[in-house]
Trainee: 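Structure below; questions to follow.
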4 protein chains.
Amino acid sequence: MELISKVSMELFAENGFHATSMSQIAKKAGISKGLAYNYFESKKEILDQIIQSGLDTIYSNLETNPDGVLTDDEFVHFIRENFMIIRSNHHFWRLYYSLLLQPQIADSLKTLYLERAQPLLKILQNFILSKGNKNPEADFVAISAMLEGAYLLTVTTPELFDDGTIEEQIITACFKILNN
Amino acid sequence: MELISKVSMELFAENGFHATSMSQIAKKAGISKGLAYNYFESKKEILDQIIQSGLDTIYSNLETNPDGVLTDDEFVHFIRENFMIIRSNHHFWRLYYSLLLQPQIADSLKTLYLERAQPLLKILQNFILSKGNKNPEADFVAISAMLEGAYLLTVTTPELFDDGTIEEQIITACFKILNN
Amino acid sequence: MELISKVSMELFAENGFHATSMSQIAKKAGISKGLAYNYFESKKEILDQIIQSGLDTIYSNLETNPDGVLTDDEFVHFIRENFMIIRSNHHFWRLYYSLLLQPQIADSLKTLYLERAQPLLKILQNFILSKGNKNPEADFVAISAMLEGAYLLTVTTPELFDDGTIEEQIITACFKILNN
Amino acid sequence: MELISKVSMELFAENGFHATSMSQIAKKAGISKGLAYNYFESKKEILDQIIQSGLDTIYSNLETNPDGVLTDDEFVHFIRENFMIIRSNHHFWRLYYSLLLQPQIADSLKTLYLERAQPLLKILQNFILSKGNKNPEADFVAISAMLEGAYLLTVTTPELFDDGTIEEQIITACFKILNN
DNA sequence: GATGAATGAGTTTTCATTCAT
DNA sequence: CATGAATGAAAACTCATTCAT
């Protein structure tokens, strides 16, 4: 079951959900199609379960106090950790982003995601607010977009940043935005 | 033929390439399946043609002198124009991003894209260089990521920014990064 | 389409709905499975359509004035005609009876059937009432049961009555019941 | 084993033999699929065993002297008892009738049935003969059909006759047929 | 006795594609 | 140009049955 999920995630991420067949999954997992259906009611259910447990494991690794305010050093650490998590789950994130682009699926996914990501966004927001700038919302939008974009680039074209310095550049830019 | 492309792009963007059938396309276009095959050799060819002409029309609207250096005002205008183009072609961009996440397809797409986008990146690069900062590469990465992220958000969750101010916040952040 | 219906009815009647596969249907009809799905959305839809048009053709052949009262001769003719119709549609009736025994399907079927059969039952009722017996309801129940049973026997074991005299014996019994 | 039979009979009767899966049976019986196969070699064998023991218990309850001749009172009692038996085994009879309509299965079933039912038919025949009518075969056909039909109605639409008077009406009609 | 993981052949259904008209 | 009937390969899914434990 773990195996099926793992194999499916890789295939879904590489080829897309619709372009991946149960036969491929079964073959790559070294089992029969029938067995896959003993564990999951449908292909869709495999996807759902991947999303669920993917978000679970990712966010459980990040649990911090969402009400406290980070110091600069903690913020730096926080961002680096985010990138590390993305890198070590790039299959999942690639899948996540591709699903996000399909309106049919996206809505339920967005809800699920926002629910789990809320504490993180809160941490970011609090940090930005603590800087006392005139327009914290604008800073929040800009930094969120920058992170989102950097995550996407990390996932889609990791070879461009395999020196792993993208986060340092992002961090530097964050402070430029905030200390101004 | 124009119609088939248009209709296909919408369906591909909304449901994904693989989840869209030729029947759906023919039905939505109000023609027979057979006729679609008079114009296109295969479903894949429709996609290719969409990408080709999509990039064509988009970048032909943006042709500027890639070797010159923008003034600040021109840069602002340049960014705003980019967002406008994204918004008026959100179907295309949604499709573009979803394809980008499928490695099978992504490679040829990336080549194609970089080819067309090169002049724009050059403009951005020149502008950043003209600011004379210590680490222009870092600024380039940060700003590229921020733009990429903002485009993605514009395409996937337009409702969050329907006041259309996201570009202003991005522009402000760009200058903070560059004037520092 | 006519062909598919016809072939399906025979197979459904001989083997049962669930025990008949689309492959069998396609093979017997000399077409591909795919084509069958051009005409019918699902196997269930084939069944529905068979029932609909089966009841249609049968009852349209029997349309008589349901408010008038039959003479004895007309009653005899009416019964004989019923048996003839059953015999020339024995596939359909075998299918009909087998569906009647599956509660899942039976309810919608019963409604559909009663709707169409109502005029016939009315004719029978009127005829019985015209005889002025003390307990017409009892006569109606007995005669209905006798007809139902005779139809069932005709459909399931036609060889027992291939001389075609069962209806004469039923008719005789009817008059015994009514003239008493 | 008893349990498996009982549960299977209910499911077969409600949903049909082919539409019932071993999983459903095992689930409803609260056992594993494997265990079911310790008791029965196949799904078909469950069915066979149900039919066998179904006919057994039913006819063992009815054993009377097949050579004697019933009095009128005994005949009335005999019919009432038949209806009672049908009612208390409606699952079985529903299943029986549905199988009767599938030629593949029906032949072996008919043989089996006739074997067991022979004594009962003999009793009925003797009773009819004892009335000394001109055409006892015709009376036999009519009364058999009436009983068959009444049984079918009792099994398929019990709600129509839940006052339990259908047998009285049938009995009355029988005497009308016979005393004429 | 009892389980349930595992299979493989079968089922219903879908769909890109072809082609006679 | 245009249709839509037709196909065949492959998809998702089911299920009777087996077997190691």
Side-chain angles (χ1 to χ4, degrees), chain A residues 1 3-4 8 15 17-27 29-47, chain B residues 1 3-4 8 15 17-27 29-47, chain C residues 1 3-4 8 15 17-27 29-47, chain D residues 1 3-4 8 15 17-27 29-47:
Chain A
M1 184 153 166
L3 178 64
I4 297 170
S8 299
N15 309 331
F17 175 70
H18 286 289
T20 301
S21 75
M22 289 298 280
S23 301
Q24 281 174 271
I25 293 171
K27 193 172 189 178
I31 60 171
S32 67
K33 264 182 293 180
L35 185 55
Y37 281 95
N38 272 7
Y39 292 111
F40 299 92
E41 295 217 320
S42 69
K43 199 173 113 178
K44 182 67 166 43
E45 221 206 46
I46 302 182
L47 180 64
Chain B
M1 183 154 165
L3 179 63
I4 297 171
S8 299
N15 309 329
F17 175 69
H18 285 287
T20 301
S21 75
M22 289 297 281
S23 301
Q24 283 174 269
I25 293 171
K27 192 173 190 178
I31 60 170
S32 70
K33 269 186 286 182
L35 187 53
Y37 279 92
N38 275 4
Y39 291 112
F40 297 92
E41 294 216 321
S42 68
K43 197 173 120 180
K44 181 69 165 44
E45 222 206 44
I46 301 181
L47 180 64
Chain C
M1 186 153 163
L3 179 63
I4 297 171
S8 299
N15 309 330
F17 175 70
H18 286 289
T20 302
S21 76
M22 288 298 280
S23 300
Q24 282 173 271
I25 292 171
K27 194 172 189 176
I31 61 171
S32 68
K33 266 183 290 181
L35 185 54
Y37 280 93
N38 273 7
Y39 292 111
F40 298 93
E41 295 217 323
S42 69
K43 199 172 115 179
K44 181 68 165 41
E45 222 207 45
I46 301 182
L47 180 64
Chain D
M1 182 151 164
L3 179 63
I4 297 171
S8 298
N15 309 329
F17 175 69
H18 285 287
T20 301
S21 74
M22 289 298 281
S23 300
Q24 282 174 269
I25 293 171
K27 193 173 189 178
I31 61 170
S32 69
K33 269 186 288 183
L35 187 53
Y37 278 91
N38 275 5
Y39 291 112
F40 298 92
E41 294 218 321
S42 69
K43 198 173 119 181
K44 182 68 165 44
E45 223 206 44
I46 301 182
L47 179 65

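Nothing here was measured: the structure is a model prediction, and the numbers come from that model. Order of the sequence lines fixes the chain letters, A, B, ..., with proteins taken first and strands second; residue numbering starts at 1 for each chain.
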Trainee: Under 6.0 Å from the CD atom of C:E45, do we count more than 12 heavy atoms belonging to anything else shown?
Mentor: yes

Trainee: Take the protein atom NZ of A:K44 and the nucleotide atom P of F:dC13, then report the distance between them rounded to whole Å.
Mentor: 11 Å

Trainee: How close or far is atom P of E:dC15 from atom NZ of B:K27, stated in whole angstroms?
Mentor: 12 Å

Trainee: Could you state the CD1-P distance from B:I4 to F:dC1, rounded to the nearest angstrom?
Mentor: 11 Å

Trainee: Please report, rounded to the nearest Å, how far the P atom of F:dG8 is from the CE atom of B:M22.
Mentor: 20 Å

Trainee: Restricting to non-hydrogen atoms, name the atom on A:S8 and the atom on A:I25 that form the minimum distance, rounded to 0.1 Å.
Mentor: OG-CG2, 3.4 Å

Trainee: Does the side chain of C:Y37 get closer than 4.0 angstrom to OP1 or OP2 of E:dT14 through an N or O atom?
Mentor: no

Trainee: Write down the atom of C:K43, the atom of C:H18, and the distance for their closest heavy-atom approach.
Mentor: NZ-O, 3.9 Å

Trainee: To the nearest 0.5 Å, what is the distance between CE (B:M1) and CG (B:L35)?
Mentor: 11.5 Å

Trainee: How many Å lie between CZ on A:F17 and C1' on F:dA11, as a whole number?
Mentor: 12 Å

Trainee: What does nucleotides 3-10 of chain E look like as a protein-contact string, B for base, S for sugar-phosphate only, - for none, at under 4.0 angstrom between heavy atoms?
Mentor: BBSBBB-B

Trainee: Sequence neighbours left out, what passes side chain to side chain contact (heavy atoms under 4.5 Å, CB included) with C:Q24? Give chain and number order.
Mentor: C:L11, C:N15, C:T20, C:S21

Trainee: Does D:F17 have any ring pair (Phe, Tyr, Trp, His ring centres under 6.0 Å) partners at least two apart in sequence or in another chain, and if so, which?
Mentor: D:F12

Trainee: Let me know the distance between NZ of C:K43 and P of F:dT14, rounded to the nearest Å.
Mentor: 14 Å

Trainee: Rounded to the nearest angstrom, tell me the gap between atom CD in A:E41 and atom P in F:dT14.
Mentor: 8 Å

Trainee: Would you write the dot-bracket representation of DNA chain E, where each base gets (, ), [, ], | or . depending on whether it forms a Watson-Crick or G-U pair under 3.5 Å and with which partner?
Mentor: .||||||||||||||||||||

Trainee: Starting from P on E:dT17, measure out to CD1 on B:I25 and report it in whole angstrom.
Mentor: 10 Å

Trainee: At their closest point, which heavy atom of B:A29 faces which heavy atom of B:L3, and how far apart are they?
Mentor: O-CD2, 3.4 Å

Trainee: Check salt bridge (Lys or Arg N to Asp or Glu O under 4.0 Å) between C:K44 and all other residues, then give those that pass, not counting sequence neighbours.
Mentor: C:D48

Trainee: Name all residues meeting the side chain to side chain contact (heavy atoms under 4.5 Å, CB included) criterion together with D:Y37; count only those two or more places apart in sequence or in a different chain, and write none if there are none.
Mentor: D:M22

